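Shown next, in structure tokens, is the structure this report addresses.
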Amino acid sequence: GRDDPLSLATSGPAAAYDNLSLTPVSADTNASPNVMRNASFEIVTDHVPIYWQPNGVSMVPPEVYWRDWGVDTNQAHDGKQSLRMAVREKGSAGFFSYDNTLAIGQPCTFSIYLKASRPGLKARLRFWEFLGKGRATNIVVDAEWKRYAFTLDAPEKLRVRCGVELVEAGVLWADAAQIEAGTRPTPYRPADLDAPAAQATEAASVVPPARTLAVSAAAPQLDGKLDD
């Protein structure tokens, strides 16, 4: 009925359910409000921070990708490095996060620390709802680290991506990104999944053990047998 605490639905064939139960879970009052992974660009694979990518990455030539987009260990607001992005001459470039899961219809705020190669550099903060609408707000970035924020009042999708677009020639550094529920940014904190303890657990679960492989004395025979 309408007052039941749980409802189930299926869009495919008829489904049967049995022995369902609800278990209350207490909230962690010390949990980070930030749900964005690798928000300080500290976790890197081959110069590239994981969980982030340039706009239109499939169309960015490799030489431009490696030259104009990646981490910079000489600039940081939080941690040891930041993300650096350059635009040369005319054009625009940007970057965005992977999906972040938030409540539909409830306000959420994206914030990020930015620094420009010169005062007054024009850029945009962007929201993109997965398979939905894109929204943006114009900003002017200073030559010193400063926090910029953009609120999405009522997302229509469960998953959203956030990012920054540089709309004129210059260099932009980014650090300490955050997306959280609410209409105002709270003090920056990394996501709980990026805490050192969580990283150690995650790394231990995916790194395979070292193995020594013997060198075969002869080429294998293609006979369909896999036990040799």
Side-chain angles (χ1 to χ4, degrees), residues 25-55 57 65-66 69-85 93-104 106-115 123 125-130 139 141 144-152 155 157-166 172-209:
V25 178
S26 60
D28 183 355
T29 57
N30 194 41
S32 171
N34 194 2
V35 299
M36 183 174 287
R37 296 297 308 272
N38 198 22
S40 189
F41 310 103
E42 301 297 316
I43 310 171
V44 177
T45 299
D46 292 336
H47 180 68
V48 177
I50 64 173
Y51 301 111
W52 297 87
Q53 66 182 39
N55 289 355
V57 62
Y65 182 79
W66 294 107
W69 199 87
V71 295
D72 186 345
T73 57
N74 295 315
Q75 296 284 346
H77 179 271
D78 177 82
K80 298 179 180 180
Q81 58 202 25
S82 63
L83 177 64
R84 177 186 180 275
M85 177 181 65
F95 62 89
F96 59 92
S97 69
Y98 277 30
D99 294 340
N100 304 280
T101 303
L102 293 158
I104 295 175
Q106 299 297 315
C108 59
T109 298
F110 167 53
S111 60
I112 191 167
Y113 283 87
L114 300 173
K115 176 181 177 180
L125 299 183
R126 286 194 171 277
F127 267 109
W128 180 66
E129 298 186 59
F130 184 70
I139 59 173
V141 184
E144 301 296 332
W145 287 110
K146 181 180 176 182
R147 198 181 198 189
Y148 301 82
F150 181 30
T151 296
L152 186 61
K157 304 291 184 178
L158 187 66
R159 293 150 57 189
V160 298
R161 296 183 178 185
C162 310
V164 181
E165 181 183 11
L166 186 55
L172 186 72
W173 289 270
D175 208 351
Q178 184 156 296
I179 183 169
E180 58 191 305
T183 58
R184 295 182 180 181
T186 60
Y188 170 74
R189 284 180 61 184
D192 287 336
L193 288 176
D194 284 336
Q199 285 297 308
T201 301
E202 184 174 290
S205 65
V206 298
V207 177

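On a predicted model such as this, the values are computed, not experimentally measured, just so you know. Side-chain atoms are counted along with the backbone in the values below, which use heavy atoms only and exclude waters and symmetry mates. Positions are given from 1, in the same order as the sequence printed here.
- Every residue two or more places apart in sequence or in another chain that forms a salt bridge (charged side-chain N to carboxylate O under 4.0 Å, His left out) with D99 is listed here: R159, R161.
- A search for side chain to side chain contact (heavy atoms under 4.5 Å, CB included) contacts involving A31 returns D28, D192, not counting sequence neighbours.
- Proximity of C108 to T151: side-chain heavy atoms (C-beta onward) are nowhere separated by under 4.5 Å.
- Looking only at side-chain heavy atoms (C-beta outward), L102 and L158 stay at 4.5 Å or farther from each other.
- Looking at M36 and C162, their side chains come closer than 4.5 Å, going by heavy atoms from C-beta outward.
- Taking every heavy atom of both residues into account, A176 and D78 meet most closely at CB-CB, 4.2 Å.
- Taken from CG in L172 to CG in L83, the straight-line distance is 8.5 Å, to the nearest 0.5 Å.
- For the residue pair W69 and P49, the shortest heavy atom distance occurs at CZ3-CD, 3.9 Å.
- Considering all non-hydrogen atoms of both residues, F96 and P54 come closest at CE2-O, 3.7 Å.
- Residues L125 and V164 meet the side-chain proximity criterion, which asks for heavy atoms closer than 4.5 Å.
- With sequence neighbours excluded, the residues that form a ring-ring contact (aromatic ring centres under 6.0 Å, His included) with F95 are W52.
- In terms of the ring-ring contact (aromatic ring centres under 6.0 Å, His included) criterion, Y188 has no residue partners (sequence neighbours excluded).
- A donor-acceptor pair shorter than 3.5 Å can be found between the side chains of Q178 and T186.
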Please determine whether side chain to side chain donor-acceptor pair (under 3.5 Å) holds for the pair Q81 and S40, giving the CA-CA distance in whole Å, both sets of side-chain angles, and the decisive distance to 0.1 Å. CA-CA 8 Å; Q81 58 202 25; S40 189; over 6 Å; no
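- The side chain to side chain contact (heavy atoms under 4.5 Å, CB included) check on K146 picks up D142, Y148, with sequence neighbours excluded.
- Residues meeting the side chain to side chain contact (heavy atoms under 4.5 Å, CB included) test with Q75, sequence neighbours left out: D72, S82, K115, W145, W173.
- The main-chain N or O of I43 is found under 3.5 Å from a side-chain atom of N38 such that the two form a donor-acceptor pair.
- Using a 4.5 Å heavy-atom threshold, the side chains of I112 and F150 count as separate.
- Between the T109 side chain and the P185 main chain, no donor and acceptor come within less than 3.5 Å of each other.
- Among all heavy-atom pairs drawn from V141 and A123, the shortest one is CG2-CB, 4.1 Å.
- Using a 4.5 Å heavy-atom threshold, the side chains of V160 and W128 count as separate.
- Two residues are said to be in side-chain contact when any heavy atoms from C-beta on lie closer than 4.5 Å; E42 and D194 fail this criterion.
- Looking only at side-chain heavy atoms (C-beta outward), F41 and D175 come within less than 4.5 Å of each other.
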